[in-house]
Structures are given as C-alpha cells and as structure tokens.
Amino acid sequence: MTDALWIKLIGTVPAVLWVLFAAAVYFTLKETIVQRMMPRVTAFRALGFEVELAGELLDRAQEESKTPVTATARRTALGRLEHAADVLRGGRILWVDDHPQGNVPLVELFRATGMHVDVTVSTEEAASLFRRKSYDIIVSDIERDGDRQAGIKMLRLLEQNDVDVPVLIYTGHFDPEKGVDHRIFAATTAPAELVNYVIDLMERVRYASL
C-alpha cells in the first residue's frame, strides 16, 4: 500500500469517529428523548380531542336552546374551556331541572372536563343531596312541575339549610326585568354563557383556596 493511500485512509478516520460518536450518543439518549416527547404528543392529541368533543357537545346544547349564539361567543366559550381544564377538574355541580333531557349535552360536556354532576328533577331530590353533599355550583331552572316559582323557593330552602353555594339559573325563558333574586349569581338561556359562568365560579373556588 502506497504512502499516499495510507495518508488518505488516515484522513478519513476523524470523520468515521464522529459518525460513530454521534450514533452512540443517539442510541444512548434515544429512550430519554422519546420519553420527553411522548407526553407532549399525547397531551396535544388529548387536548385536540377534548376541544373537538366540547365543540360538538356545545353545538348539541345550542340545538336544544332557543337562544341564538354568535360565532364569537361559541369561540370564546371553547377557548376558555381549553385553558380551564385544571380549574374545572374535580368541581361538583348539582343540576336541578324537571326536564333533564334538554341538558344532556351540557352535562356531558362538564363531565368530560372532569367535573362531577348530579342531576335531579325536583327540589325535594335536590334538598336530599345538598344536605348530605358539598357542591361548588348549583344549576337550576325556574319553573318545575307547573310551579313558576319552584327555583326561587329552592333558594329559600338553601338559606334555611345554611347552604352557601352559588346558584346559576339556566332556563328557556328568563326575564331579568322582573328582578333577579339576591341568591342568584347569574341567569341565562344560552349554553355558551352558562359555560362561561361555570368557569367564572370555579375560578373563584380554586383561587379562594390558594
């Protein structure tokens, strides 16, 4: 073998060593890199699925509601849901409505965020629960079983039992000009607004506990 060939072979050694070094580093750190990347990928996929599911459920709730919603209101509600996962997870809602079938999409939506939702159809059932369990929010309609003041009467029952839980009124018909009871945090006929109110209240609960 000539001297020129030896010199050429020797000249390739550093390049070969760098390739071997890079390969060794890659295979050594490969598992660590994958482990660090997988949670992010999984989180992104889960987040995308949750947002898509929330959108579908919100649209279904809107179909049940007679109140029109703007694209901006829908987008805002979904955006807040996306960023309020930690705030909502573990929250507890008591939902009182004698026609619960109309609230199924919203109940599913809140449960999908990790909230616990108890559904009742009467003040009596609701009372048996809020006397034994603690809730972060109570969602109620106004008229039940022909009684146009059923929801308001339940507010007085909450006071009698010293249950200091914020109440959201969600109903198909609500006229604020007739006055809003002091125990009502907010009232709405729109699903997107209800979502925002629930997030508002859960933020108060979480931040108050810090």
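We count residues from 1, following the sequence as given.
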Checklist entry - Is there side-chain contact between Leu158 and Phe130, with heavy atoms separated by less than 4.5 Å? => result yes
Checklist entry - Does Leu168 belong to the same Ile/Leu/Val/Met/Phe/Trp/Tyr cluster as Val104, with side-chain heavy atoms less than 4.5 Å apart forming each link? => result no
Next on the checklist: Is the shortest side-chain heavy-atom distance between Leu129 and Tyr135 below 4.5 Å?
Outcome noted: yes
Item to check | Non-hydrogen side-chain atoms of Leu157 and Lys153 separated by less than 4.5 Å | outcome: no
Item to check | Neighbour count above 12 (heavy atom, 6.0 Å) for Arg132 CZ | outcome: yes
Item to check | Non-hydrogen side-chain atoms of Ile152 and Ile184 separated by less than 4.5 Å | outcome: yes
Next on the checklist: Quick check: is Tyr170 connected to Val69 through a chain of hydrophobic side chains (ILVMFWY, heavy atoms under 4.5 Å apart)?
Outcome noted: no
Checklist entry - Are the side chain of Thr67 and the backbone of Thr189 linked by a donor-acceptor contact shorter than 3.5 Å? => result yes
Item to check | Sequence-distant partners of Arg75, salt bridge (Lys or Arg N to Asp or Glu O under 4.0 Å), two or more places apart | outcome: none
Next on the checklist: Under 4.5 Å between side-chain heavy atoms, counting indirect links through other Ile/Leu/Val/Met/Phe/Trp/Tyr residues: same cluster for Phe185 and Val117 or not?
Outcome noted: yes
Next on the checklist: Ignoring hydrogens, what is the shortest heavy-atom contact between Glu143 and Asp141? Give both atom names and the distance.
Outcome noted: O-OD2, 3.2 Å
Checklist outcome for this item: With sequence neighbours left out, the residues meeting salt bridge (Lys or Arg N to Asp or Glu O under 4.0 Å) with Glu64 are none
Item to check | NZ/NE/NH1/NH2 to OD/OE distance under 4.0 Å, Glu159 and Arg156 | outcome: yes
Item to check | Residue pair Leu106 / Arg60, side-chain heavy-atom distance below 4.5 Å | outcome: no
Item to check | Residue pairs involving residues 188-201 (criterion salt bridge (charged side-chain N to carboxylate O under 4.0 Å, His left out); sequence neighbours excluded) | outcome: Arg80-Asp200
Checklist entry - Side-chain contact, heavy-atom cut-off 4.5 Å: Ile169 with Ile142? => result yes
Next on the checklist: Keeping Asn161 on the side-chain end and Val163 on the backbone end, is there a donor-acceptor pair under 3.5 Å?
Outcome noted: no
Checklist entry - How far apart are the closest heavy atoms of Gly151 and Ser140, and which atoms are they? => result CA-OG, 4.2 Å
May I have the list of side-chain donor-acceptor pairs in residues 84-96 shorter than 3.5 Å, sequence neighbours left out?
from	atom 1	to	atom 2	distance (Å)
Asp86	OD1	Arg89	NH1	2.9
Arg92	NE	Ser134	O	3.0

Item to check | Salt-bridge criterion met for Asp97 and Arg144 (N-O under 4.0 Å) | outcome: no
Checklist entry - Would you say the side chain of Leu58 lies within less than 4.5 Å of the side chain of Val195, judging by non-hydrogen atoms? => result yes
Item to check | Donor-acceptor pair, side chain of Asn196 and main chain of Ala192, under 3.5 angstrom | outcome: yes
Checklist entry - Below 4.5 Å, heavy atoms only, C-beta onward: do Leu81 and Leu109 meet side chain to side chain? => result yes
Checklist entry - Under the salt bridge (Lys or Arg N to Asp or Glu O under 4.0 Å) test, which residues partner Glu125, sequence neighbours left out? => result none
Next on the checklist: Show, in sequence, the C-alpha distance, side-chain angles and deciding distance for Val121 and His99, and conclude whether the side chain to side chain contact (heavy atoms under 4.5 Å, CB included) test is met.
Outcome noted: CA-CA 7 Å; Val121 297; His99 296 288; over 6 Å; no
Checklist entry - Under the salt bridge (Lys or Arg N to Asp or Glu O under 4.0 Å) test, which residues partner Asp98, sequence neighbours left out? => result none
